[in-house]
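In what follows, a structure is listed as structure tokens, so that the remarks can point back to it.
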Amino acid sequence: MDLYVGVDISKGYADFCVTDSDGNVREEHQLDDTRPGHDRIRELVQEWDRTVSSNEDLLVGMEATGGMERNWLHLFGQIADETDLEVCCINPLILRRFAEQRLHAGKTDRISARLMADYLRSGGVEANSEGTGKSPRPGLRTLSRKTKELIGRATELKNELHALLQRVHPELAPLRLRAHEPVGPEVNQTASDARRGR
């Protein structure tokens, strides 16, 4: 039987909800982000790992909380080296959308942990984390985001240039300069004609 562990992380502690393949809640825990709490979750994961056969999944998911998840993520990464545990760190926006689809109105740590387990059970996360809590290609996502930012910035600069040309040399504005193309001789000729008053 597959087991899905939803983790809702708060400052200093985390709530855990374990569900099976049928969506039944098997266990719920609240553990402190301390050595005893980490030791206890290590024991629990080893128990859960023993109940899951080799062709079944033991999947842990937690929300990316802007840094509060780091201790738990590191701990689960260590545990994953010892067990068949898979760890996923989920974008909060994805979980919010999932909650809206499920019409979850309440927001408590316990409900959030249960929601995470439901999300894992629904197949929202493919096994892509390799026990690290990271997507298979984090560099690709960063590269894509940076590329979008630079394209947006280039567009802003191009628009500023067009506005400046319209104010300073209105006769150059119709030439529609592209930010990525070098200035050609026709622009230089038009600019020199404009300075001479032609």
Distance, nearest 0.5 Å, that separates CD of Glu28 from OG1 of Thr19: 10.0 Å
Test log, rule side chain to side chain contact (heavy atoms under 4.5 Å, CB included), inputs Cys89 and Glu69: CA-CA 9 Å; Cys89 196; Glu69 77 280 4; 4.2 Å; yes
Asp15 vs His29 side-chain heavy atoms within contact, under 4.5 Å: no
Atom pair CD/CD1 of Gln46 and Ile41 - distance to nearest 0.5 Å: 11.0 Å
Derivation and outcome, side chain to side chain contact (heavy atoms under 4.5 Å, CB included), residues Leu75 and Asn71: CA-CA 6 Å; Leu75 173 67; Asn71 287 344; over 6 Å; no
Heavy-atom check, side chain of Arg42 versus side chain of Gln78, under 4.5 Å: yes
Donor-acceptor contact present, side-chain Ser21 to main-chain Asp2, <3.5 Å: yes
Near-ring test Phe16/Trp48, centroid separation under 6.0 angstrom: no
From CG (Leu115) to CG (Leu120), nearest 0.5 Å: 9.5 Å
Check: Asp22 side chain, Asn24 main-chain N or O, donor-acceptor pair, under 3.5 Å: no
Asp32 side-chain N/O to Thr34 backbone N/O, donor-acceptor pair under 3.5 Å: no
Heavy-atom side-chain contact between Ile90 and Met62 under 4.5 Å: no
Atom pair SG/OH of Cys88 and Tyr119 - distance to nearest 0.5 Å: 9.0 Å
Considering all heavy atoms, the nearest Asn91-Leu93 contact: OD1-N, 2.8 Å
ILVMFWY cluster, Leu59 and Ile94 together (side-chain gap under 4.5 Å): yes
Criterion side chain to side chain contact (heavy atoms under 4.5 Å, CB included) on Glu27 and Leu44, from CA distance to verdict: CA-CA 10 Å; Glu27 299 177 39; Leu44 289 169; 3.9 Å; yes
Nearest heavy-atom neighbours spanning Glu63 and Pro92: OE2-CB, 3.0 Å
Beyond-backbone contact of Phe76 with Leu85, side-chain heavy atoms, under 4.5 angstrom: yes
Side chain to side chain, Ser10 and Asp8, heavy atoms closer than 4.5 Å: yes
Linked, directly or transitively: Leu3 and Val25 (ILVMFWY side chains, under 4.5 Å): no
Any donor-acceptor pair under 3.5 Å from Glu156 side chain to Ala154 backbone: no
NZ/NE/NH1/NH2 to OD/OE distance under 4.0 Å, Glu43 and Arg40: yes
Side chain to side chain contact (heavy atoms under 4.5 Å, CB included) between Phe98 and Asp118, worked out: CA-CA 9 Å; Phe98 181 76; Asp118 285 344; 4.1 Å; yes
Pair His38, Asp33: side-chain N/O donor-acceptor within cut-off below 3.5 Å: yes
Hydrophobic cluster membership, Ile9 vs Tyr13, 4.5 Å side-chain cutoff: no
Heavy-atom pair with the smallest gap, counting every atom of Val18 and Val5: CG2-CG2, 4.1 Å
